[in-house]
Amino acid sequence: EELSLLYHVSRSMLTTVKLDQLLRIIRTSVTLKNPRGFDRATLFLVNEQESQLEAKMSIGPRNEAEAETWRQEFAQPPVFSADGSFNPEMETAPYEIHPRRIRIPLTEKRSILAKAIREKRAFNVGDAASDPEVNPEILSRFGSRAFAAVPLIVKDKAIGVLAVDNQFTGRPITDPDMGFLTLLANQAALAIENSRLYINLQEVNSQLL
């Protein structure tokens with residue numbers, strides 16, 4: 001089931017070079033109703049010019065009532081169409097936190113997310129409230145009891161972080177979960193980098209015309 005999901009996610013990523021669509025595919029894929037599905041996911045990307053980490057997209061419920069709706073309704077429609085593209089019905093979600101307001105300097109010492117970028121490795125935080133390296137502002141915004149952060153790495157360079165939690169189900173994040181998340185993050189990193197290269201190429205072409 002995991003291999004099938006990774007296959008379909010990778011195939012879906014190949015159907016578009018639009019960054020917003022790619023981010024939506026990535027964030028939704030990790031919250032699907034399956035043994036490795038997480039309650040919530042937020043995708044952060046590195047802003048190299050400002051040397052900071054910026055939240056781009058979040059998905060998942062905001063409370064227990066929405067969590068039940070999410071599990072019953074949003075997980076049911078087919079995620080991928082017959083041609084491998086992402087089902088537009090899955091592009092909406094009840095959980096939005098205005099993530100663009102969240103920015104973390106890459107030099108921030110009290111941030112697991114920034115540390116994941118600097119050290120290019122994943123972290124599984126079992127008790128967020130008592131961990132001295134968890135950013136207090138981020139903790140207050142998300143309220144996660146436990147969470148995992150996996151860097152998106154391409155060509156030995158971290159370009160973003162995928163953060164997930166199981167705030168409502170309370171399911172512990174296991175080593176197999178981390179393995180699955182890392183595989184998906186690797187695919188995501190390649191797709192995002194290809195999208196950025198395409199966008200840069202378009203800009204160069206427009207300047208030459």
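Excluded from the calculations below are hydrogen atoms, water molecules and symmetry mates; all remaining heavy atoms, backbone and side chain alike, are included. Keep in mind that this is a model prediction, so the values were computed, not measured.
- Heavy-atom minimum distance, P151 versus A185: O-CB, 3.8 Å.
- Both V154 and L181 are part of a single hydrophobic cluster, where members link through side-chain heavy atoms under 4.5 Å apart.
- In this structure a side-chain-to-backbone donor-acceptor pair under 3.5 Å is present from D39 to F168.
- To the nearest 0.5 Å, the span separating CG on L43 from CG on L152 amounts to 6.0 Å.
- Here the closest heavy-atom approach between residue I159 and residue A189 is recorded as CD1-O, 3.7 Å.
- What you find for A41 and V164 is that their closest heavy atoms are CB-CG1, 3.9 Å.
- Distance check, rounded to the nearest 0.5 Å: CD of E193 to CD1 of I153 gives 12.5 Å.
- With salt bridges taken as basic N to acidic carboxylate O contacts below 4.0 Å, one links D177 and R171.
- Side-chain contact between N135 and R110 is absent, with no heavy atoms from C-beta onward closer than 4.5 Å.
- The closest side-chain heavy-atom distance from V134 to F147 is below 4.5 Å.
- Both L184 and I173 belong to a single network of hydrophobic side chains, linked directly or stepwise wherever heavy atoms of I, L, V, M, F, W or Y lie under 4.5 Å apart.
- Linking Ile, Leu, Val, Met, Phe, Trp and Tyr residues whenever their side-chain heavy atoms come within less than 4.5 Å places L113 and L106 in a single cluster.
- When all heavy atoms of V46 and G160 are compared, the pair lying nearest together is CG2-N, 4.0 Å.
- Remark: the backbone N or O of M178 is paired with a side-chain donor or acceptor of T182 at under 3.5 angstrom.
- Atom OG of S58 is separated from atom CZ of F44 by 6.5 Å, given to the nearest 0.5 angstrom.
- To the nearest 0.5 Å, atom NZ of residue K115 and atom NZ of residue K109 are 10.0 Å apart.
- From T42, atom OG1 reaches atom CE of M57 across 11.5 Å, with rounding to the nearest 0.5 Å.
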Could you walk me through whether E108 and R118 satisfy the salt bridge (Lys or Arg N to Asp or Glu O under 4.0 Å) test, starting with their C-alpha distance in whole Å, then the side-chain angles of each, then the deciding distance to 0.1 Å, before giving a yes or no? CA-CA 10 Å; E108 175 68 53; R118 293 194 303 267; over 6 Å; no

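- Shown here for A146 and G126, the closest heavy-atom pair between the two residues is CB-O, 3.3 Å.
- Inter-residue side-chain proximity for F123 and V150 is flagged as unmet; no heavy-atom pair is nearer than 4.5 Å.
- Contact of the R40 side chain with the F142 side chain is registered, since non-hydrogen atoms from C-beta on lie closer than 4.5 Å.
- Judged by distance alone, the side chain of N194 and the main-chain N or O of L190 form a donor-acceptor pair under 3.5 Å.
- A donor-acceptor pair under 3.5 Å is absent between the side-chain atoms of S51 and the main chain of E48, judged by distance alone.
- Within 6.0 Å of CG in D127 there are more than 12 heavy atoms belonging to other residues, nucleotides or ligands.
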What do the steps show when you test E54 against R103 for salt bridge (Lys or Arg N to Asp or Glu O under 4.0 Å), and what is the final call? CA-CA 5 Å; E54 299 178 348; R103 293 177 173 84; 3.6 Å; yes

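- Salt-bridge annotation for D165 and R145: absent, with no side-chain N of the basic residue lying under 4.0 Å from a carboxylate O of the acidic one.
- The side chain to side chain contact (heavy atoms under 4.5 Å, CB included) with L53 is formed by just one residue from the set I102, L45, I117; it is I117.
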After noting the C-alpha distance and the side-chain angles of D156 and K120, does the key distance pass the side chain to side chain contact (heavy atoms under 4.5 Å, CB included) rule? CA-CA 8 Å; D156 200 37; K120 292 182 287 189; 3.4 Å; yes

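- For the pair S111 and I104, the tightest heavy-atom approach, listed with the atom from each and the gap, is OG-CG2, 3.6 Å.
- To the nearest 0.5 Å, atoms CD1 (I192) and NZ (K56) are separated by 10.5 Å.
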